[in-house]
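First comes the structure, then the notes that go with it.
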Amino acid sequence: MSGHASNYQPKSAFGKWFHERLPIMDMVQGQALDFPTPKNLNYFWTFGGILAVMLVIQIVTGVVLVMHYTPHVDMAFNSVEHIMRDVNSGWLLRYMHANGASMFFIAVYIHMFRGMYYGSYKAPREVLWMIGVLIYLVMMATAFMGYVLPWGQMSFWGAKVITNLFSAIPFVGDSLTTMLWGGYSVDNPTLNRFFSLHYLLPFVIAGLVVLHIWALHVVGNNNPTGVSVKSPQDTVPFSPYYTVKDAFAIVIFLMFYAAWVFFAPNYLGHAINYQEANPLVTPAHIVPEWYYLPFYAILRAIPDKLGGVIAMFGSILILFALPWLDTSKVRSGNYRPIFKQFFWLFVLNCIILGFAGSGAPDNYFLSHEAAPPDQWALTYKLVGQISTAYYFAHFLVILPLLGLLETPKPLPASISDAVLAKNHPSTVAVPAE
Amino acid sequence: MTLLKTLAIAAAGLVLSLGAAQAAEGQKTAKDISFSFEWPFGHFDRAQLQRGYKVYKEVCANCHAMHQMSFRNLSQPGGPEFSDEQVKALAASFQVQDGPNNDGEMFERPGLPSDRFPSPFPNEQAARAANGGAYPPDLSLITKSRPGWYGTINQLINGIGGPQYVYSVLTGYTPDDQLTEELKKEQPEGKYHNPYFANGPWIGMAPPLSDDQVTFDDGTPSTVDQMSRDVSAFLAWAAEPKMEERKRTGFMVLIFLGVLALLLYLSMKKVWAKVH
């Protein structure tokens with residue numbers, strides 16, 4: 001597919017002149033319009049397009065917000081309220097940007113789970129997958145620094161807790177933390193460097209997205225059968241088939257997004273962040289935004305600070321090794337009956353981890369009640385520990401073993417066969433065992 | 001429907017992954033009174049906001065600042081909508097410090113609509129000194145920063161209950177003669193018992209309202225309950241002054257996107273009809 005020749009023929013004299021100097025229209029024709037795409041992609045494949053749109057929305061709203069925001073500890077909070085009250089449609093920009101971050105993460109989590117279920121990380125898509133994990137890492141850093149900018153109570157204390165983690169690193173930890181802070185505590189220099197990096201990193205993400213799409217266009221899309229494209233009958237040109245399907249899915253996702261922005265704009269944040277940062281008053285509970293909760297649970301599951309930090313970063317870095325941890329040759333979970341069940345267990349476990357990260361460690365799980373110390377009790381911490389163990393077991397034990405032990409279902413001979421079998425069951429012969 | 005399944009999973013995952021927020025130890029859940037501005041179709045009751053402003057101005061403003069608010073906000077659309085003349089007269093009834101003038105002196109002048117609400121104390125230390133060490137918080141964002149209740153699903157459906165929190169604190173004092181002996185022993189000097197208070201149950205603020213304290217211009221009887229409701233509504237508007245514009249825009253956006261989605265869906269069906 002990398003060598004897919006475009007049929008681009010310049011129609012005008014100017015087009016020809018330009019084409020000879022910069023064949024960009026040729027690339028558009030070949031990679032964006034004619035690009036052969038499996039004809040059986042389901043709606044889970046629309047989240048790539050949705051994520052691209054979210055990135056653009058975040059960058060555009062962010063650039064305009066910066067025109068009205070002041071990155072200074074004495075003025076940041078008030079400048080955000082100025083945006084909410086005095087800037088024309090400022091409330092809309094800010095709510096789009098704040099909720100946009102949550103929508104971005106919802107979409108990226110669905111996109112990642114899609115890749116995990118259909119084995120989109122397997123050969124030849126390992127590099128494509130790893131660039132994706134890198135994008136996710138940069139996204140997390142970007143969102144974290146963005147949450148600090150309004151300089152509310154949770155902004156400040158969240159920044160304090162997370163930056164403090166780096167002090168656990170042996171030898172260089174303290175210097176590293178001082179460098180992050182620009183001093184000896186979270187203060188104006190911290191806000192300034194976070195602001196600078198929060199503006200920079202989205203463009204790093206945009207660059208990585210270009211690499212991600214490039215890698216995708218070298219190896220081509222995976223598809224729900226996991227069977228590689230074998231003939232032109234298996235594919236349709238990206239445009240108009242997937243441009244219109246993606247556009248439809250994007251608009252549906254925008255409606256979901258709009259429902260939050262216009263009717264529950266503060267639900268996904270923390271009430272306490274509408275109180276200006278005060279270094280002398282610690283909030284009763286410091287919790288990160290919802291999209292970090294599973295990792296927060298992993299951090300707290302390990303009693304040792306350095307161990308917790310290693311486990312937390314390890315839980316993301318392990319995704320880089322996923323293509324080699326999964327030993328099965330079959331890509332799609334549709335043809336792996338046992339893997340399929342473990343996949344949903346893994347999703348459930350991630351949700352439980354999210355809950356485990358949300359409460360005070362020594363309270364009973366899903367309760368506000370403190371558990372008695374020195375006595376066995378199902379606390380947030382214990383649930384977090386069990387789920388953390390399962391999280392790593394999924395990658396390090398279950399996936400490697402399943403590939404060796406599981407008998408997959410017979411694969412369809414081709415994508416076309418699978419599509420025909422689904423739509424016209426009588427016309428296709430049963431594939432040989 | 002794969003799409004429905006996708007959305008259902010997305011929504012379920014989202015709802016589930018939101019942790020249950022934590023209530024302060026022993027804080028009582030706010031009284032669930034209803035306001036006109038709840039739900040997507042709700043909007044503010046102008047008369048109530050005007051009454052609420054009067055309660056703030058005559059009672060709360062003695063100790064609590066609202067430094068995000070300017071007099072001009074009182075006449076903007078979606079708020080109490082006082083007339084421009086009323087706001088001019090109101091602002092002029094305050095003396096504000098301005099300057100320095102060409103001689104380098106600060107001077108006093110009558111307020112303008114563009115001025116912020118004057119703060120009762122020059123700084124936090126002065127406020128604490130005048131209030132027995134307690135700091136009366138700025139009320140500009142109080143209904144957005146103080147939840148009245150908790151719970152992932154509860155807050156999704158009913159909001160965080162900020163206005164209800166304010167109402168409950170104002171009406172939730174335990175009268176001194178109803179305090180149990182045990183509580184009386186715990187009672188710190190100059191503090192009052194209020195189980196709804198977030199950092200409670202002991203609060204530095206004396207019960208601020210009593211019946212007939214404010215005379216409402218529209219003849220509404222000024223009971224403690226009425227004044228508490230009205231000032232809570234006023235504070236809810238002050239915290240989110242663009243709420244009505246937001247909801248109105250939201251409906252237009254959703255209708256637009258809905259029609260666009262339908263057109264795209266039909267186009268998609270037509271384009272894909274020839275495949276397979």
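Order of the sequence lines fixes the chain letters, A, B, ..., with proteins taken first and strands second; residue numbering starts at 1 for each chain.
- What you find for B:Gly258 and A:Met255 is that their closest heavy atoms are CA-CE, 3.7 Å.
- For B:Gly250 against A:Phe262, the heavy-atom pair with the smallest separation is CA-CG, 3.2 Å.
- Ranked by non-hydrogen atom pairs under 4.5 Å with chain B, the options A:Val261, A:Asn78, A:Asn273, A:Ile352 are led by A:Asn78.
- One distance of note links CZ of A:Phe256 with CG of B:Leu257; it measures 14.0 Å at 0.5 Å rounding.
- Atoms CG and CD, from A:Asn266 and B:Gln155 in turn, are 11.0 Å apart once rounded to the nearest 0.5 Å.
- For chain B, the nearby part of A:Val236 is the side chain; its heavy atoms alone come within less than 4.5 Å.
- Inter-residue side-chain proximity for B:Trp272 and A:Lys245 is flagged as met; some heavy-atom pair is nearer than 4.5 Å.
- Contacts between B:Pro40 and chain A at a heavy-atom distance below 4.5 Å involve backbone atoms as well as side-chain atoms.
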Given B:Lys242 and A:Asp86, is the salt bridge (charged side-chain N to carboxylate O under 4.0 Å, His left out) satisfied, shown in steps?
CA-CA 10 Å; B:Lys242 301 296 173 71; A:Asp86 300 329; over 6 Å; no

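- Listed options B:Leu262, B:Thr249, B:Leu263 were ranked by heavy-atom pairs under 4.5 angstrom with chain A; first place goes to B:Thr249.
- There is no contact between A:Val347 and chain B, counting heavy-atom distances below 4.5 Å.
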Assess the residue pair A:Glu276 and B:Asp138 against the criterion (side chain to side chain contact (heavy atoms under 4.5 Å, CB included)); give the C-alpha distance rounded to whole Å, side-chain angles, the decisive distance to 0.1 Å, and a yes or no.
CA-CA 10 Å; A:Glu276 193 169 0; B:Asp138 188 282; over 6 Å; no

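- Residues A:Pro240 and B:Val271 come closest through the heavy atom pair CG-CG1, 3.8 Å.
- Screening A:Ile252, A:Asp246, A:Ile250, A:Val251 for a side-chain contact (heavy atoms from CB on, under 4.5 Å) with B:Leu264, the sole residue that qualifies is A:Val251.
- Other residues, nucleotides and ligands contribute only 12 or fewer heavy atoms inside 6.0 Å of the NZ atom of B:Lys88.
- Your options are B:Lys247, B:Lys144, B:His67, and the one with the most heavy-atom pairs under 4.5 Å with chain A is B:Lys144.
- The number of heavy atoms from other shown groups lying within 6.0 Å of CG (A:Asn88) does not exceed 12.
- At a 4.5 Å heavy-atom cutoff, the contact between A:Tyr95 and chain B is made by side-chain atoms alone.
- By the 30° and 60° cut-offs, the orientation of the rings of A:Phe248 relative to B:Tyr265 is tilted.
- Taking the six-membered ring for Trp and the full ring otherwise, the centers of A:Phe263 and B:Phe41 sit at least 6.0 Å from each other.
- Residue A:Tyr292: no heavy atom, backbone or side chain, is found under 4.5 Å from chain B.
- Of all heavy-atom pairs between A:Tyr241 and B:Val275, the closest is CE2-CG2, 3.2 Å.
- Contact of B:Gln76 with chain A is not made at all, since no heavy-atom distance falls under 4.5 Å.
- Contact annotation: the side chain of A:Met84 never approaches that of B:Gln68 to less than 4.5 Å [non-hydrogen atoms, C-beta and beyond].
- You'll find the side chain of B:Phe256 stays beyond 4.5 Å of the side chain of A:Leu254, heavy atoms only.
- Neither the backbone nor the side chain of B:Met243 has a heavy atom closer than 4.5 Å to any heavy atom of chain A.
- No side-chain heavy atom of B:Arg246 sits under 4.5 Å from any side-chain heavy atom of A:Leu92.
- Using a 4.5 Å cut-off between heavy atoms, B:Leu254 touches chain A through backbone and side chain atoms alike.
- Two residues are said to be in side-chain contact when any heavy atoms from C-beta on lie closer than 4.5 Å; A:Trp91 and B:Glu245 meet this criterion.
- Here the side chains of B:Asn73 and A:Arg85 are not in contact, with every heavy-atom distance at 4.5 Å or above.
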